[in-house]
Amino acid sequence: MMSMEKLGDGGGEAEKLSGVNRYACACAIVASMISIIFGYDTGVMSGAMIFIKEDLKIKDTRVEILAGILNICALLGSLIAGRTSDYIGRRYTIVLAAIIFLLGSVIMGYGPSYAILMTGRCIAGIGVGFALMIAPVYSAEISSATHRGFLTSLPEIGISVGILLGYVSNYFFAKLTLKLGWRMMLGVAAIPSLALAFGILKMPESPRWLVLQGRLAEAKRVLLLVCNSEQEAETRFQDIKIAAGIDENCKEDIVELPRKTHGEGKSLEEIEMLFTRRNSNTVDTGIGIQPNV
């Protein structure tokens, strides 16, 4: 995964590292687990609906609402997640998303009535919105520019893997009794949610978010972990400081930033940049692909 070239430079010798940083890759994989849980929750419902309808004696309309309410609640969750991640950080937002998933899964697994099952589904939907927003953001901010495309694709791959696992779960748990089978299908998602909540605490915070909070020393330490060389870490550090409105020559460990740099004040400028001639092809491709996802 990682290769090394030694380049002679007069009497000295420099090392040029290339390849995906293993630590950054591991962080992106852990963050993508939230997308696997989302994919599982989406895929497993396709099989669970058959047993839910039979067990709870509900009509098709209620089953359709139960399946579709996830997307409505996900919209609400995604709207909340952006501002939440600005205040508490990317890492703790992933922890929060995992806890929301955990709560929703436990309630759905218990599900003695349609109302309680719907409540669990709505809570899980909010977790879905958090997952769709925060996993790609964390992966992008932790990775280097040369491998950002690869690492930010992991959450999308995670969704597909999760859907597949949902189908596998349908197959095996369908062999259980009617009352237990569909509850196990929905409730088992609580296990990886709990594991993720603890696992992500071992991962570093996004260096970009740390800089936006004025915590420069912490950001530099994280960059040294997720970069292949000190030179790369320093370059990324300088770029992030400039983007945050901090003097690139600033050597302080902690600085006080204006309020607008804490995720505010640049939204319209960033949206306008998306539609410049330089980025138009990328935006057009993304818009074209999205309806098929």
Does atom [atom1] of [X] have more than 12 heavy-atom neighbours from other groups under 6.0 Å away?
X      : atom1 : result
Lys57  : NZ    : yes
Tyr92  : OH    : no
Glu234 : CD    : yes
Lys175 : NZ    : yes

Item to check | Ile163 and Tyr40: CA distance, side-chain angles, deciding distance, side-chain contact (heavy atoms from CB on, under 4.5 Å) verdict | outcome: CA-CA 5 Å; Ile163 292 174; Tyr40 176 86; over 6 Å; no
Minimum heavy-atom distance [X]-[Y], with the two atoms named:
X      : Y      : value
Ala219 : Phe237 : CB-CE1, 4.2 Å
Ser144 : Glu232 : CB-OE2, 3.0 Å
Leu225 : Tyr23  : O-CB, 3.6 Å
Ile134 : Ser85  : CD1-CB, 3.7 Å
Trp209 : Glu141 : N-OE1, 4.3 Å
Gly125 : Leu70  : CA-CD1, 3.4 Å

Should [X] and [Y] be counted in the same cluster of Ile, Leu, Val, Met, Phe, Trp and Tyr side chains packed under 4.5 Å apart?
X      : Y      : result
Leu154 : Leu164 : no
Met184 : Leu102 : no
Ile126 : Leu75  : no
Leu117 : Val106 : no
Met108 : Leu176 : yes

When rounded to the nearest 0.5 angstrom, what is the spacing between [atom1] in [X] and [atom2] in [Y]?
X      : Y      : atom1 : atom2 : answer
Thr146 : Asn228 : OG1   : CG    : 7.5 Å
Ile200 : Thr93  : CD1   : OG1   : 10.5 Å
Leu132 : Glu156 : CG    : CD    : 8.0 Å
Tyr138 : Cys27  : OH    : SG    : 4.0 Å
Ile159 : Thr42  : CD1   : OG1   : 7.5 Å
Asn170 : Leu165 : CG    : CG    : 11.0 Å

Tell me whether [X] contacts the main-chain N or O of [Y] through its side chain, where contact means a donor paired with an acceptor under 3.5 Å.
X      : Y      : value
Lys241 : Cys250 : yes
Arg90  : Ser206 : no
Tyr167 : Gly43  : no
Arg208 : Ile240 : no
Asp55  : Lys179 : no

Next on the checklist: Please determine whether side-chain contact (heavy atoms from CB on, under 4.5 Å) holds for the pair Ile34 and Phe130, giving the CA-CA distance in whole Å, both sets of side-chain angles, and the decisive distance to 0.1 Å.
Outcome noted: CA-CA 9 Å; Ile34 195 73; Phe130 271 75; over 6 Å; no
Checklist entry - Between Ile52 and Met45, does a side-chain contact (heavy atoms from CB on, under 4.5 Å) hold up when you go through it step by step? => result CA-CA 9 Å; Ile52 292 172; Met45 183 55 73; 4.2 Å; yes
Find out whether [X] and [Y] are in side-chain contact, i.e. whether some heavy atom of one side chain is under 4.5 Å from a heavy atom of the other.
X      : Y      : answer
Ile246 : Leu216 : yes
Leu210 : Gln213 : no
Phe173 : Phe51  : no
Tyr114 : Ile65  : yes
Ile50  : Glu54  : no
Ile157 : Ser32  : no
Leu196 : Ile36  : no
Met33  : Ile94  : no

Checklist entry - Between Arg183 and Tyr110, is NZ or CZ placed under 6.0 angstrom from the six-membered ring centre and within 45° of the ring axis? => result no
Checklist entry - Stepwise, does the side-chain contact (heavy atoms from CB on, under 4.5 Å) test hold for Asp41 with Arg121? => result CA-CA 9 Å; Asp41 195 58; Arg121 185 73 169 163; 3.3 Å; yes
Checklist entry - Do Arg83 and Asp86 sit within salt-bridge range, that is, some charged N less than 4.0 Å from a carboxylate O? => result yes
